[in-house]
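Counting convention: from 1, in listed order, for ligands and their atoms alike.
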Amino acid sequence: MNYEIIPIEEKHIEIFRDAVGTVAKEGKYLALMDTPSMEQVRSFILEQLKNKMPHYIAIAGDKIVGWCDIASFNRPAFAHSGVLRMGVLKECRGTGLGTKLMQIVLDKGKEMGLTRVELDVREDNVNAIKLYQKFGFEVEGKKRNACRTDGVYANVLTMGLLFDEK
Ligand SMILES: CC(C)(COP(=O)(O)OP(=O)(O)OC[C@H]1O[C@@H](n2cnc3c(N)ncnc32)[C@H](O)[C@@H]1OP(=O)(O)O)[C@@H](O)C(=O)NCCC(=O)NCCS
């Protein structure tokens, strides 16, 4: 698969929404279970761009095949940290794309002065957890039964990465 990893721009909002919707509809990995509304995606991306947060996409032709971003908490006492989210389309998984996206986004986060990145992941999402651990994320807590899909509960792990303990 030929793709290019680039920072997201306003013109990508619609295809970003398509990619998020595709992974959300798998119903196993994201907090979303369906395609988010255009208004939700637009306001999120515009906020990301305004805050100059790292938000990268892997683009193949006119399709986004993966993304990784860090979002701000928009709270002064949390300005040193952000929350990471990512996804890769099913057909492109296991080929190193997630690793490349994560590397770029963490490097950019560090460069802009973040000292902490956190994320939430279902305890049964073993591939994602392996990827996060590869980059040094540590489990900081377990939210029991935090997630329920089709009537089945799953625990959610909170993971965090510190760039600098100062
Ligand atoms: C998690 C996700 C983004 C990883 O992307 P990816 O492109 O598959 O990742 P990579 O190919 O770079 O693999 C990264 C690591 O994940 C683990 N991994 C990936 N696929 C794996 C598999 N089939 N079996 C075992 N480990 C696997 C490995 O540790 C791998 O690192 P390594 O190759 O150095 O051993 C992708 O699986 C995905 O989009 N999943 C659905 C959405 C999701 O879970 N998002 C995160 C929600 S918290």
Side-chain hydrophobic cluster, 4.5 Å single linkage: members besides F78: F73, V83

Residue E14 excluded, over 12 heavy atoms near CD under 6.0 Å: no

Table please: side-chain donor-acceptor pairs of residues 52-59 below 3.5 Å, with sequence neighbours left out.
unit_1	atom_1	unit_2	atom_2	d
H55	ND1	Q48	NE2	3.2

Side chains of T99 and M102 in contact at under 4.5 Å (non-hydrogen atoms): no

Pick out the protein N or O atoms lying less than 3.5 Å from any N or O of ligand 1, and list each pair with its distance.
unit_1	atom_1	unit_2	atom_2	d
ligand 1	7 (O)	G98	N	2.8
ligand 1	8 (O)	G94	N	2.8
ligand 1	11 (O)	G94	N	3.3
ligand 1	11 (O)	T95	N	3.1
ligand 1	11 (O)	G96	N	2.8
ligand 1	12 (O)	T99	N	2.9
ligand 1	12 (O)	T99	OG1	2.5
ligand 1	16 (O)	N127	O	3.3
ligand 1	24 (N)	N127	OD1	3.4
ligand 1	26 (N)	N127	OD1	3.3
ligand 1	26 (N)	K130	NZ	3.3
ligand 1	31 (O)	K134	NZ	3.1
ligand 1	34 (O)	K134	NZ	2.7
ligand 1	39 (O)	V88	N	2.7
ligand 1	39 (O)	V88	O	3.2
ligand 1	39 (O)	R93	NE	3.4
ligand 1	44 (O)	N125	ND2	2.7
ligand 1	45 (N)	M86	O	3.0

Side chain proximity check, M159 to E138, heavy atoms < 4.5 angstrom: no

Residue pairs involving residues 134-161 (criterion ring pair (Phe, Tyr, Trp, His ring centres under 6.0 Å); sequence neighbours excluded): Y132-F137

